[in-house]
Amino acid sequence: MNNFETAVNLTLEKEGILSDHKDDAGGLTKYGISQAAYPGLDIASLTKADAIAIYKRDYWDKAQCEEIPYPLDIMLFDTAVNHGVTKAVKILQESLGITADGVIGQETRAAARQAKNSIYTVFMINRLYAYTEAKSWPTFREGWKNRLVQLAKEVDA
């Protein structure tokens, strides 16, 4: 299994099949793909294969996860799914101690390759902090905290 397959499988385990929670800004969501992010898409009819294709194109590829070493690539991908690509890249860059411009460039790739193992903890703490800034933190905090703990365990970070 390649890193994208690992990443998308871990993410799909965390994302419900179909939901429309009143406190979820995404609105109707299936496989983690929201109506708010894809207003022209028939979310109710979305297949798992469709969701995987969207995840590859709009999250894995746009965040340039392939350019980031394991397990940061998987952590970056899952963060992009929840926070958006630009915010996810900024969280990674802040964790690496470099300019957080939201763009994966040479500096980000080099810093990720040279990162020490402590980066995983810093990344998760920064991501948790980003969650706490969300309006829906009171509703989803337990699930989000559990997601971070499970992700850390699964990528052995």
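These numbers come from a predicted model, not from an experiment.
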Is it true that, when you exclude Glu5 itself, more than 12 heavy atoms of the residues, nucleotides or ligands shown sit nearer than 6.0 Å to its CD? yes

From NZ (Lys14) to CG (Asn9), nearest 0.5 Å: 10.0 Å

Any non-hydrogen side-chain atom of Trp60 less than 4.5 Å from a side-chain atom of Asp73? yes

Donor-acceptor check, side chain of Glu154 to backbone of Leu10, threshold 3.5 angstrom: yes or no? no

I'd like to know if Leu96 and Tyr129 are part of one continuous hydrophobic network [Ile/Leu/Val/Met/Phe/Trp/Tyr, side-chain heavy atoms within less than 4.5 Å]. no

Given side chains that start at C-beta, do those of Tyr120 and Pro71 come closer than 4.5 Å, heavy atoms only? yes

For the CG atom of Leu72 and the OG1 atom of Thr79, what is their distance to the nearest 0.5 Å? 9.5 Å

Without swapping roles, check the side chain of Asp78 against the backbone of Ile74 for a donor-acceptor pair under 3.5 Å. no

Find out if a path of hydrophobic residues (ILVMFWY) with successive side-chain heavy-atom gaps under 4.5 Å connects Met75 to Val122. no

Is the count of non-hydrogen atoms from other residues, nucleotides or ligands lying under 6.0 Å from Leu18 atom CG greater than 12? yes

Value for CD (Glu107) from CD1 (Ile98), rounded to nearest 0.5 Å, stands at 4.5 Å

Rounded to the nearest 0.5 Å, the CG atom of Asp23 sits from the CH2 atom of Trp137 at a distance of 14.5 Å

Is there a side-chain contact between His83 and Lys90, using heavy atoms and a 4.5 Å cut-off? no

Check: Asp50 side chain, Thr47 main-chain N or O, donor-acceptor pair, under 3.5 Å: yes

Flag side-chain contact, heavy atom, 4.5 Å: Lys145 against Leu128: yes

Passing option when Tyr59 is tested against Ile54, Leu76, Thr11, Val8 for side-chain contact (heavy atoms from CB on, under 4.5 Å): Ile54

Which heavy atom in Lys135 sits nearest to a heavy atom in Pro138, and how many Å separate them? O-CD, 3.4 Å

Working note: Ile43 + Ile33, criterion side-chain contact (heavy atoms from CB on, under 4.5 Å); need CA distance, chi angles, decisive distance, verdict. CA-CA 7 Å; Ile43 296 296; Ile33 305 297; 4.0 Å; yes

Using atom types as modelled and distance alone, determine if a side-chain donor or acceptor of Glu15 lies under 3.5 Å from a backbone N or O of Lys30. no

Pairwise side-chain contact, Ile52 with Tyr31, heavy-atom cut-off 4.5 Å (strictly under): no

Compare every heavy atom of Ala36 with every heavy atom of Ala25, then report the nearest pair and how far apart it is. O-CB, 3.6 Å

Nearest 0.5 angstrom please: Met124 CE to Arg147 CZ, how far? 10.0 Å

Side-chain donor or acceptor of Gln35 paired with backbone N/O of Leu41 under 3.5 Å: yes

Might you work through the salt bridge (Lys or Arg N to Asp or Glu O under 4.0 Å) test for Asp61 and Lys56, ending with a clear yes or no? CA-CA 6 Å; Asp61 292 345; Lys56 175 75 167 79; 2.7 Å; yes

If you count heavy atoms of other groups shown closer than 6.0 angstrom to CD of Glu133, is the number above 12? yes

Is the ring pair Trp144/Tyr131 parallel, tilted or perpendicular, if the boundaries are 30 and 60 degrees? parallel

Quick one: does any side-chain atom of Ser136 pair with a main-chain N or O of Thr139 as donor and acceptor, under 3.5 Å? no

Main-chain N/O of Val103 paired with Gln93 side-chain donor or acceptor, under 3.5 Å: yes

When you look at Phe140 and His21, which way does the side-chain contact (heavy atoms from CB on, under 4.5 Å) test go after all the steps? CA-CA 10 Å; Phe140 298 115; His21 194 285; 3.6 Å; yes

What are the two closest heavy atoms between Ala63 and Ile104, and how far apart are they? O-CG1, 3.3 Å

For Tyr70, does the OH atom sit with more than 12 other heavy atoms under 6.0 Å from it, leaving out its own atoms? yes

Checking the side chain of Thr29 only, and the main-chain atoms of Gly27 only, is there a donor and an acceptor separated by less than 3.5 Å? yes

For Ser95 and Asn126, which I'm curious about, is there any donor-acceptor pair between the side chains at under 3.5 Å? yes

Can you tell me how far CD1 of Ile125 sits from CD of Glu94, rounded to the nearest 0.5 angstrom? 13.0 Å

What about Phe77 and Tyr55, are their ring centers closer than 6.0 Å? yes

